[in-house]
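Report on one structure; see the data block that follows.
Proteins get letters first, then strands, A, B, ... in listed order; numbering begins at 1 in each. Since the structure is predicted, the reported quantities are computational estimates derived from the model, not experimental observations.
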2 protein chains.
Amino acid sequence: MSPTAQRPEALHQGAGGRATARPTLEEVAALAGVGRGTVSRVINGSPRVSAKAREAVQNAIAELGYVPNRAARTLVTSRTDSIALVVPEAETRLFSEPYFSDIISGVSAELAETDMQLLLILVRNQRERERLSAYLTAQRVDGVLVVSVHRDDPLPALLESLEIPSVLAGRRGDLEPLSYVHADNAGGARMAVRHLLRRGCRQVATLTGPLDMEVAQARLGGYRRALEEAGHRYDEELVGLADFTEEGGRVAMRELLERRPELDGVFCASDVMAAGAMQVLRAAGRRIPDDVAVIGFDDSIVARHTDPPMTSVRQPIEEMGRTMARLLLDEIAERGRARRQVVLATELIVRDSA
Amino acid sequence: MSPTAQRPEALHQGAGGRATARPTLEEVAALAGVGRGTVSRVINGSPRVSAKAREAVQNAIAELGYVPNRAARTLVTSRTDSIALVVPEAETRLFSEPYFSDIISGVSAELAETDMQLLLILVRNQRERERLSAYLTAQRVDGVLVVSVHRDDPLPALLESLEIPSVLAGRRGDLEPLSYVHADNAGGARMAVRHLLRRGCRQVATLTGPLDMEVAQARLGGYRRALEEAGHRYDEELVGLADFTEEGGRVAMRELLERRPELDGVFCASDVMAAGAMQVLRAAGRRIPDDVAVIGFDDSIVARHTDPPMTSVRQPIEEMGRTMARLLLDEIAERGRARRQVVLATELIVRDSA
DNA sequence: GCCAAGTGTGGGAGCGCTCCCACACTGTAG
DNA sequence: CTACAGTGTGGGAGCGCTCCCACACTTGGC
């Protein structure tokens with residue numbers, strides 16, 4: 001039996017193109033003339049290794065092209081060196097599209113320096129929720145990133161009780177016990193509404209997201225605060241309850257227009273809602289921004305393509321992804337460290353709709 | 001020493017909330033009154049188990065809440081039960097945004113039934129390319145899905161030589177040796193151009209993507225074919241070379257307009273290019289679609305928000321993701337099976353721009 | 001000169017699985 | 001009755017690592 005035929009599934013192409021078995025710690029140790037323990041110490045950066053031994057090992061590693069076997073390491077340490085990014089399916093659509101890929105991009109950028117791998121888990125129904133629980137209970141990841149949370153989402157509580165390091169994008173409420181990163185939604189909303197007031201709007205309405213999400217609440221809160229600071233009364237009739245979607249924006253805008261035909265400004269809690277609202281306004285014969293000024297939220301690709309181009313609040317999404325990853329890595333490295341909260345600034349991008 | 005203090009990192013919350021060590025095969029075997037081998041056979045669905053033994057094992061598994069340890073299994077089988085989705089960073093932006101999340105969504109839907117996990121790998125520079133090679137060489141995944149390929153991309157060749165099961169979204173050229181799934185780009189383009197001709201356009205131009213990508217070539221090919229089938233001459237002056245981006249679309253459209261002011265139709269190989277082109281056309285005083293009809297490709301979110309709403313070619317992206325996953329699972333299950341190619345139909349979504 | 005503490009090292013044990021060999025039982029043919 | 005194939009089963013070996021104990025060798029203080 002030829003040596004290469006023994007375990008065909010464990011072969012790989014060596015540097016020379018020859019099929020060779022993957023080298024093990026043992027082989028590295030033999031080549032370097034040291035014991036397994038020393039090689040392991042070198043690989044894991046232990047300081048208790050002499051310079052001479054370290055060099056010999058490093059040479060051997062380079063020569064053999066040795067790469068540690070992750071499964072073997074996981075088996076003994078029960079670390080997995082991987083983290084999960086959990087995305088409730090609905091969210092990939094609900095959020096403006098770049099949100100999703102920018103978060104991923106930020107997370108992945110931050111992880112690039114480590115040898116953590118990123119697992120993507122979409123949860124689209126109850127069954128998959130349960131699978132996720134089993135998955136997490138079975139400790140198959142070192143930590144969890146959750147892309148968005150509703151107030152009654154059972155996942156954060158699960159994470160809390162399992163004591164798995166985790167970081168949320170957004171929070172459930174003011175007293176979120178888990179670590180989270182979020183944009184300054186209230187501040188962004190406030191900025192937007194102040195902009196509307198400054199340009200002379202007297203009757204500023206708002207289109208909200210689903211109020212079981214803290215983001216939606218915060219944006220509504222910022223709207224209210226800006227109005228009250230400017231001495232306006234907060235008027236519930238100017239608040240259109242919607243759901244972040246384009247169609248929702250259209251419906252709510254129509255109602256708003258019926259209720260308060262005199263409105264001259266709308267702050268929308270998402271760009272797509274704003275796009276829907278703009279269609280309705282235009283259909284109703286209102287000029288934008290002259291009759292009604294409109295501001296969106298997210299500064300997504302849609303904002304640049306509406307007519308007129310939309311003024312919108314931008315949140316630093318990629319930065320949020322990076323920060324989430326960073327917090328999570330810290331929490332994994334230092335189990336039981338205090339949970340942390342990070343708020344990132346938003347920015348008003350002024351275009352032509354307001 | 002209390003039993004629970006022995007290996008604190010290997011504890012988990014049992015059903016009752018009590019911290020218990022994760023059960024192992026051995027414990028299941030003991031409870032079921034059988035040997036380790038029998039439990040293993042039950043778990044892996046071997047037919048060589050008596051009904052009685054199988055039932056006893058299944059009860060024990062349920063009672064203990066046993067979940068196999070993946071690392072241990074990987075260590076001996078050298079299967080990893082995970083596949084990688086490789087995304088060249090640039091592409092997450094280049095493609096219309098839903099593309100990315102729809103592919104993921106399709107892949108993940110198909111994987112939901114299996115216990116494969118999805119690893120996401122973004123490659124943003126040369127260094128990460130090399131890390132990816134090392135990663136693949138170290139056999140850390142059972143298969144690879146590649147989101148898009150350029151003609152000179154070294155990755156497919158690497159996958160080929162490593163003989164790792166893999167499926168591409170798109171292909172490098174006609175003779176792609178790897179399995180791939182792609183939309184009928186040529187057919188979609190042809191459909192779009194025929195639509196333009198049918199509505200009376202006499203001078204139909206096109207804006208292409210980067211011609212080192214097969215998608216771009218195919219869409220250009222479809223454009224050409226439709227013209228020639230209708231008895232028109234293929235005129236290079238009507239071809240604007242661009243790069244799928246909005247800014248590229250603007251630039252190319254301006255040049256086209258200068259070269260051929262009489263043009264009355266444009267087929268654009270992406271929606272965002274079409275959006276850019278529409279801006280330029282409007283700035284030049286052309287009415288859409290009356291003076292110039294415009295068609296995009298992708299039917300992305302942008303298409304619904306341009307003014308007027310854009311006619312566009314839709315590709316079944318989620319279905320592509322599903323199909324890719326399915327082909328890959330087959331290839332993993334049956335090593336060395338023939339590579340397969342799947343072409344999915346495209347569809348023309350008619351709105352107001354043409 | 002001795003002991004104590006500190007350093008670097010080798011290698012056994014063991015993580016939780018799958019693989020496979022050996023063996024005990026069937027049942028059927030000779 | 002023996003022989004033999006077929007079925008179901010138990011458990012040893014071993015995957016490649018980390019952990020940790022034991023040991024050799026150094027150094028410094030008395």
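The pair Glu113(A)-Arg127(B) meets the salt-bridge criterion, since a charged nitrogen lies less than 4.0 angstrom from a carboxylate oxygen.
Atom CZ in Arg54(B) sits roughly 13 Å away from atom C1' in dT7(D) (whole-Å rounding). Rounded to whole Å, the distance from CZ on Arg22(A) to C1' on dG16(D) is 9 Å. The nearest whole Å value for the distance from the NZ atom in Lys52(B) to the P atom in dG10(D) is 10 Å. One atom, CZ of Arg79(A), and another, P of dT18(D), lie 8 Å apart when rounded to the nearest Å. Across the protein-nucleic acid pair, Asp81(A) atom CG and dC17(D) atom C1' stand 13 Å apart, rounded to whole Å. In this entry the distance linking CD1 of Ile43(A) with P of dC19(D) reads 12 Å, nearest Å. Atom C1' of nucleotide dG14(D) and atom CG of Leu25(A) are separated by 16 Å, given to the nearest angstrom. When rounded to the nearest whole Å, the span between CZ of Arg70(B) and C1' of dC17(C) equals 13 Å.
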List the atom pairs, donor and acceptor, that lie under 3.5 Å between side-chain atoms in residues 47-54 of chain A and the rest of the protein, sequence neighbours left out.
residue, atom, partner, partner atom, Å
Ser50(A), OG, Ala53(A), N, 3.2
Arg54(A), NH2, Ser46(A), O, 2.8

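Remark: Thr77(A) is not in phosphate contact with dT18(D), judged by side-chain N or O atoms under 4.0 Å from OP1 or OP2. At the phosphate of dT18(C), OP1 or OP2 sits under 4.0 Å from a side-chain N or O atom of Ser40(B). Phosphate proximity of dC15(C) to Asn69(B): absent, as no side-chain N or O sits under 4.0 Å from OP1 or OP2. Distances shorter than 4.0 Å separate none of the side-chain N or O atoms of Ser50(A) from OP1 or OP2 on dG8(C). Contact annotation: Arg73(B) side-chain N/O to dT18(C) OP1/OP2 distance is under 4.0 Å. The shortest distance between the side-chain N/O atoms of Thr74(B) and the OP1/OP2 oxygens of dC15(D) is not below 4.0 Å.
In the displayed structure, Glu55(A) atom CD is contacted under 6.0 Å by at most 12 heavy atoms of other residues, nucleotides or ligands.
Comparing the end axes of the helix from dC2(C)-dG29(D) to dG30(C)-dC1(D), each fitted to five base pairs by superposing C1' atoms of four pairs onto the next four, gives an inter-axis angle of 50° (nearest 10 degrees).
Contact annotation for Ala71(A): no contact, since no heavy-atom pair falls under 4.0 Å across all strands. Within the 4.0 angstrom heavy-atom criterion, base atoms lie near Arg41(A). Within 4.0 Å of Ala29(A), counting heavy atoms only, lies no atom of the nucleic acid at all.
Here the nucleotide nearest the side chain of Arg48(A), chosen from dT18(D), dG16(C), dT7(C), is dT7(C). Picking from dC17(D), dT18(C), dT9(C) the nucleotide with the shortest atom distance to the side chain of Ala72(A) gives dC17(D). The side chain of Leu75(B) lies closest to dG16(C), out of dG16(C), dT9(D), dG10(C). The side chain of Val76(A) approaches dG14(C) more closely than any other nucleotide in the set dG10(C), dT9(C), dG14(C).
Glu318(A) contributes atom CD, which lies 10.5 Å from atom CD of Glu110(A) (distance to the nearest 0.5 angstrom).
Between Thr74(A) and Arg70(B), the side chains place no donor N or O within less than 3.5 Å of an acceptor N or O (distance only, hydrogens not considered). Using modelled atom types and a 3.5 Å distance limit, the side chains of Gln139(B) and Ser78(B) yield no donor-acceptor pair.
Arg79(B) pairs in a side chain to side chain contact (heavy atoms under 4.5 Å, CB included) with only one of the listed residues (Ile332(B), Val141(B), Asp142(B)), which is Asp142(B).
Using a 4.5 Å heavy-atom cutoff, the side chains of Thr137(A) and Val67(B) are not in contact.
Put simply, the side chain of Arg36(B) and the base of dG12(D) share a donor and an acceptor less than 3.5 Å apart.
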